[in-house]
Amino acid sequence: MFDSRHVKTFHEVVRSGSYSGAARALGYTQPAITQQMKALERAVGSPLFIRVGRGMRLTEAGETLARHADTILTSISTAQQQMSAITRLRSGRVRVCAFPSANATLIPEAMARLAAAHPGVRVELLEGEPPDSLGRVVRGECDITLAFTYPGLREETPAELVEIPLLEDQLTVLLPSGHPLARRRAVKLAELSEERWIAGCLRCRANFLHECAEQGFAPDIAFTTDDNLVVQSMVAAGLGVAMMPGLVLSFLCHQKVAGRALDPASRRHVSAYVLREHLEIPATARVLEELKTVAGNRVGC
């Protein structure tokens, strides 16, 4: 392996034609130039110069290195400039994976703030539900994932990940606008034990079944779908009632559907997850800061 400092000195020796000329140009002593060239020759495994009278000329190995020295130094300089741009947030790439309602709410606001402050940082957006989305961070398929957990469920997070809590997302009951309980501000889950239900994703469904069991009934699940718009349309059509996070209702609410809080309140935890070492990457850390700011403005949603 070549030391880039030695290649730079070699390049100057070739350009100036002597060790003394390189020493003057670089501000070194001539013995320092000599020592660097000896070190580079050891790394190459061959002499780079031979003495010819009072001057010197390149050996075959020296000529080969001289042809590539410009390219080597230019590549190093370019790499240094690009790395500096990344660390100063003038450029960079962050891959973010989030569940649909986070992609529709937290992500756009956070990315708008990021783009205004650091337009050179690019974000690649992916979509995924936990627990699969957590595995994508561990496998290196994304840098940050947004996921949710429910307090009543035993859910394990991969040990490699750091959790950054973002917000508590209140769960609501969706009722047809003409439903008798729609006139209330809050509804007890047990009051809907005789209703037909429309259930959502696997993790949300598991929590729903858990909460119903705690209230002493098994719900009649008539339909299941991951599509929040479909859930609301079915509720509006009178095909059943549903439980839905407030984050969804903050951007999508059918005009013939009424969302009512649960009594007692029920919430899911929304967090960002990242590999610990990625916390030191400037662009990743900045995205996390923007997510925390945006989520902080939505506390109690």
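Keep in mind that what you see is a predicted model, and the values were worked out from it rather than measured. Start at 1 with the first residue, then count along the sequence.
Taken from OG1 in T105 to CG in L249, the straight-line distance is 11.5 Å, to the nearest 0.5 Å. Here the straight-line distance linking atom NE2 of H68 with atom CG of L73 works out to 13.0 Å at 0.5 Å rounding. Note that CG of L65 is 5.5 Å distant from CD1 of I72, once rounded to the nearest 0.5 Å. Annotation: the span from H6 atom NE2 to L48 atom CG amounts to 12.0 Å, rounded to 0.5 Å.
Listed here is the closest heavy atom pair of L175 and A182: CD1-N, 3.8 Å. Taking each heavy atom of L58 and A66 in turn, the nearest pair found is CD1-CB, 4.0 Å. Here the closest heavy-atom approach between residue R286 and residue L114 is recorded as CG-CD1, 3.7 Å. Across Q232 and V248, no two heavy atoms sit closer than the pair NE2-CG1, 4.1 Å. Nearest heavy-atom pair, R267 versus Y150, reported as atom, atom and distance to 0.1 Å: O-CD2, 4.2 Å.
The closest donor-acceptor contact from the side chain of T172 to the backbone of M244 lies under 3.5 Å. Here the side chain of R203 pairs no donor or acceptor atom with the backbone of E129 at under 3.5 angstrom. Under the 3.5 Å distance criterion, the side-chain polar atoms of S101 are left unmatched by any main-chain donor or acceptor of L247. Proximity of a side-chain donor or acceptor of S177 to a complementary backbone N or O of V257 within less than 3.5 Å is not detected. No donor-acceptor pair closer than 3.5 Å links the side chain of D263 to the backbone N or O of K188. Under a 3.5 Å cut-off, the side chain of E127 and the backbone N or O of N103 do not form any donor-acceptor pair. A donor-acceptor pair under 3.5 Å links the side-chain atoms of T34 to the main chain of Q30, judged by distance alone. Within the 3.5 Å criterion, the main-chain N or O of D169 finds no donor-acceptor partner in the side chain of R268. Proximity of a side-chain donor or acceptor of R122 to a complementary backbone N or O of R95 within less than 3.5 Å is not detected. Checked by atom type and distance alone, the side chain of T9 pairs as donor or acceptor with a backbone atom of R5 at under 3.5 Å.
Side-chain contact of S16 with S18: a donor-acceptor pair under 3.5 Å is absent, judged by distance alone. When only modelled atom types and interatomic distance are considered, E211 and N207 share a side-chain donor-acceptor pair under 3.5 Å. With no hydrogens or angles considered, no side-chain donor-acceptor pair links E163 and T157 at under 3.5 Å.
More than 12 non-hydrogen atoms from other residues, nucleotides or ligands lie less than 6.0 angstrom from CZ of R139. Enclosure of atom CZ in R184 by more than 12 non-hydrogen atoms of other residues, nucleotides or ligands within 6.0 angstrom is indicated. The neighbour count for E194 CD, taken as heavy atoms of other residues, nucleotides or ligands under 6.0 Å away, does not exceed 12.
In the hydrophobic clustering of ILVMFWY residues, with side-chain heavy atoms under 4.5 Å counting as a link, L166 and V287 come out together. A continuous path of Ile, Leu, Val, Met, Phe, Trp and Tyr side chains, each step under 4.5 Å between heavy atoms, connects L262 with L167, placing both in one hydrophobic cluster. There is no path of hydrophobic side-chain contacts, each under 4.5 Å, that joins I164 to Y273. There is a path of hydrophobic side-chain contacts, each under 4.5 Å, that joins L288 to M111. Note on L161 and I144: separate hydrophobic clusters, where clusters join Ile, Leu, Val, Met, Phe, Trp and Tyr whose side-chain heavy atoms are under 4.5 Å apart, directly or indirectly.
Under the side-chain contact (heavy atoms from CB on, under 4.5 Å) criterion, R113 pairs with E290, T293, V294, sequence neighbours left out. The side-chain contact (heavy atoms from CB on, under 4.5 Å) test applied to S233 returns L229, H254, not counting sequence neighbours. Residues that satisfy the side-chain contact (heavy atoms from CB on, under 4.5 Å) test with T225, not counting sequence neighbours, are I198, D227, V230, V231. Residues passing the side-chain contact (heavy atoms from CB on, under 4.5 Å) test with R67 are E63, T64, sequence neighbours excluded. Take Y19 and apply the ring pair (Phe, Tyr, Trp, His ring centres under 6.0 Å) test, not counting sequence neighbours, and it matches F49.
In this structure, V94 and E124 have side chains that are not in contact, with every pair of non-hydrogen atoms separated by 4.5 Å or more. Within the 4.5 Å cutoff, side-chain heavy atoms of P176 are placed close to those of V241. Counting heavy atoms from C-beta on, the side chains of D143 and V274 never come closer than 4.5 Å. You'll find the side chain of L209 reaches within 4.5 Å of the side chain of I221, heavy atoms only. The shortest side-chain heavy-atom distance between C204 and F99 does not fall under the 4.5 Å cut-off. Contact check for L192 versus V187: side-chain heavy atoms found under the 4.5 Å cut-off. No side-chain heavy atom of S4 sits less than 4.5 Å from a side-chain heavy atom of K8. No side-chain heavy atom of R260 sits under 4.5 Å from any side-chain heavy atom of L181.
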- Query: So C201 and R205, side chain to side chain contact (heavy atoms under 4.5 Å, CB included) or not? Walk me through it.
  - Reply: CA-CA 6 Å; C201 72; R205 197 180 316 155; 5.9 Å; no

- Query: Taking it one step at a time, do L126 and T145 satisfy side chain to side chain contact (heavy atoms under 4.5 Å, CB included)?
  - Reply: CA-CA 9 Å; L126 309 170; T145 194; over 6 Å; no

- Task: Carefully, step by step, assess C97 and L146 under the rule side chain to side chain contact (heavy atoms under 4.5 Å, CB included).
- Result: CA-CA 6 Å; C97 181; L146 269 62; over 6 Å; no

- Query: After noting the C-alpha distance and the side-chain angles of Q36 and Y28, does the key distance pass the side chain to side chain contact (heavy atoms under 4.5 Å, CB included) rule?
  - Reply: CA-CA 11 Å; Q36 286 194 40; Y28 295 156; 3.4 Å; yes

- Message: Would K292 and E289 count as a salt bridge (charged side-chain N to carboxylate O under 4.0 Å, His left out) here? Give the steps.
- Response: CA-CA 5 Å; K292 287 191 287 187; E289 285 301 317; 3.0 Å; yes

- Message: Let's go through R276 and E160 carefully: what are the C-alpha distance in whole Å and the side-chain angles of both, what is the deciding distance for salt bridge (charged side-chain N to carboxylate O under 4.0 Å, His left out) to 0.1 Å, and is it a yes or a no?
- Response: CA-CA 7 Å; R276 187 174 302 278; E160 303 95 320; over 6 Å; no

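For the ring-ring contact (aromatic ring centres under 6.0 Å, His included) condition, the pairs that include at least one residue of residues 161-212, sequence neighbours left out, are W197-F208.
Using a cut-off of 4.0 Å between Lys/Arg side-chain N and Asp/Glu carboxylate O, K38 and E41 are scored as not salt-bridged.
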